[in-house]
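When a residue number appears, it is its place in the shown sequence, counting from 1.
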Amino acid sequence: MAAHSLDRAKQAVRTQVWDALTAADAVHDASVHGRIPHFKGAEEAADRLAALPVWQRASVVKAVPDKAQLPVRARALEEGKTVYMAVPKLATLKPFYLLDPAALTVPPAEAAASRTAAAIAPAVEVDALRPLDLIILGSVAVNRDGARIGKGAGYSDIEFALLTEAGLVTPATVVVTTVHSLQVTETPIPTTQHDVGVDLIVTPEETITCADPHRPSGVDWSALTTEKIAAIPALAARQVS
């Protein structure tokens with residue numbers, strides 16, 4: 001599928017899910033279009049995830065900064081897990097905030113909010129991260145095979161590729177997304193080599209194990225424009241090295 005056709009197909013799936021969430025009054029957003037949905041039931045999804053052995057074994061978690069995953073980040077910090085969260089748009093050479101539960105100056109639920117984390121947490125470079133037990137992604141849509149679509153900016157995929165190249169994503173790392181049940185779509189999701197699949201989908205009502213999700217082995221430089229690389233210092237540094 002040509003790139004523009006692929007983009008159109010992905011956008012059609014996004015629109016279908018955003019419309020379904022809006023019709024069902026299933027989100028906290030005034031308008032969900034263009035966003036990772038802040039879905040109603042995010043706390044219940046976090047509770048369901050926290051009951052899983054894969055969560056209980058994890059000590060190092062990389063999580064997206066979206067509001068829908070705030071309960072997951074807060075729960076991780078409350079339970080003494082180290083949490084890494086990306087700097088917006090990976091725009092600095094140290095592109096991750098380090099939330100160390102032993103060093104927090106505010107309660108975990110506050111520290112887990114993206115604005116607070118940006119104010120209180122040190123930023124670290126990729127090579128300073130510890131190997132990741134769990135990666136928590138936000139999604140617009142996901143299917144039971146583990147294919148997912150974000151809002152279209154591509155930062156989750158670039159983060160994953162960077163962390164994989166740095167040896168921080170291992171075969172033991174589990175990739176999870178928490179979503180509303182309406183975000184689990186039966187519509188085929190077109191994917192490319194650099195799209196990250198998920199191992200587990202957790203909704204407020206259900207835990208779905210995905211059989212063989214796709215994982216990129218590293219950065220797909222051919223898929224990145226010069227401008228995109230230049231805008232992400234950690235990528236630019238890795239390309240030079």
Considering all heavy atoms of both residues, which atom of [X] and which atom of [Y] are nearest to each other, and what is their separation?
X    : Y    : answer
A63  : V83  : CB-CG1, 4.4 Å
V13  : P188 : CG2-O, 4.0 Å
D127 : A166 : OD1-CB, 4.0 Å
A51  : Q56  : O-NE2, 3.2 Å
S59  : D133 : N-OD2, 2.8 Å
G150 : I36  : CA-CD1, 4.1 Å

Is there a path of hydrophobic side-chain contacts, each under 4.5 Å between heavy atoms of I/L/V/M/F/W/Y residues, joining [Y] to [X]?
X    : Y    : value
V72  : V61  : yes
V64  : V202 : no
V175 : L168 : yes
L129 : M85  : no
V126 : V60  : yes

Could you state the interatomic distance from [atom1] ([X]) to [atom2] ([Y]), rounded to the nearest 0.5 Å?
X    : Y    : atom1 : atom2 : result
L200 : L137 : CG    : CG    : 11.5 Å
I135 : F160 : CD1   : CZ    : 5.0 Å
I189 : T187 : CD1   : OG1   : 8.0 Å
D199 : D212 : CG    : CG    : 9.5 Å
I120 : R115 : CD1   : CZ    : 15.0 Å
L90  : E159 : CG    : CD    : 5.0 Å

Verdict with supporting geometry, R148 and S156, side-chain contact (heavy atoms from CB on, under 4.5 Å): CA-CA 11 Å; R148 71 170 278 283; S156 285; 4.2 Å; yes
D195: partners by side-chain contact (heavy atoms from CB on, under 4.5 Å), with sequence neighbours left out: K10, D157, T191, T192
Donor-acceptor pair, [X] side chain versus [Y] backbone, under 3.5 Å?
X    : Y    : result
K62  : L132 : no
Q183 : A141 : no
W18  : S31  : no
T173 : T170 : yes
Y155 : P88  : no
Q193 : D220 : no

Does a side-chain N-to-carboxylate-O contact under 4.0 Å join [X] and [Y]?
X   : Y    : value
K67 : D29  : no
R48 : E205 : no
R75 : E79  : yes

Atom NZ of K89: over 12 foreign heavy atoms under 6.0 Å: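 No, NZ of K89 has 12 or fewer neighbouring heavy atoms, counting only those of other groups under 6.0 Å.
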Residue that, paired with V142, satisfies side chain to side chain contact (heavy atoms under 4.5 Å, CB included) out of I149, V17, I201, T185: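 Single side chain to side chain contact (heavy atoms under 4.5 Å, CB included) partner of V142 among I149, V17, I201, T185: I201.
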Members besides L70 in its Ile/Leu/Val/Met/Phe/Trp/Tyr cluster (side-chain heavy atoms under 4.5 Å): none
Cation-aromatic face contact K81/W55, 6.0 Å, 45 degrees: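 Yes, K81 sits over the ring of W55.
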Find out whether [X] and [Y] are in side-chain contact, i.e. whether some heavy atom of one side chain is under 4.5 Å from a heavy atom of the other.
X    : Y    : value
V176 : V198 : no
K151 : R35  : no
H33  : T15  : yes

Please list every donor-acceptor pair under 3.5 Å in which a side-chain atom of residues 92-114 meets a protein atom from a residue at least two apart or in another chain.
from: T92; atom 1: OG1; to: K94; atom 2: O; distance (Å): 2.7
from: D100; atom 1: OD1; to: A102; atom 2: N; distance (Å): 2.9

So, [X] versus [Y]: side-chain donor-acceptor pair below 3.5 Å or not?
X    : Y    : value
S181 : T203 : no
H214 : D145 : no
Q11  : R14  : yes

Mutual orientation of the aromatic rings belonging to H180 and F39 [parallel < 30°, tilted 30-60°, perpendicular > 60°]: perpendicular
Test side-chain contact (heavy atoms from CB on, under 4.5 Å) applied to R238 and L235, step by step: CA-CA 5 Å; R238 208 156 277 274; L235 261 186; 5.6 Å; no
